[in-house]
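Below is one structure, written out as C-alpha cells; comments come after it.
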Amino acid sequence: MTDQPVCPYYGKNEDYCDVGCGYIFPHDVNLIIKYCSCKYEDCPKFQELSDRFPIGVIEVATA
C-alpha cells in the first residue's frame, strides 16, 4: 500500500476514471468508500489505469 490516502486517479479526469468527477451518484459513493479512499490498489479500474497511464503522467497532464 502506498502512502497516498486517496487514489491518484480520483477526480482527475472523466476520460480516465469518472468517480469523483461531476455529479456523484450513490453507486460512486460506495466505490469511494470501498476503494478510492483507502484500498484503491485493489480496485479493478485502478489496476487497468495504472497499466495504461502511469501515475506521473496523469499528474502532469492534469496539473
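Index from 1, following the sequence.
A 4.5 Å side-chain heavy-atom check between Y9 and C43 finds every atom pair outside the cut-off.
In the hydrophobic clustering of ILVMFWY residues, with side-chain heavy atoms under 4.5 Å counting as a link, F25 and I33 come out apart.
Rounding to the nearest 0.5 Å gives a distance of 13.0 Å between CG of L49 and OH of Y40. I32 CD1 to C38 SG: the interatomic distance, rounded to the nearest 0.5 Å, is 12.0 Å.
Put simply, the side chain of S37 never gets that close to the backbone of V6: no donor and acceptor are under 3.5 Å apart.
Contact detail for E41 and Q47: the closest heavy-atom pair is O-NE2, 3.0 Å.
Residues satisfying the side chain to side chain donor-acceptor pair (under 3.5 Å) criterion with E48, sequence neighbours excluded, are R52.
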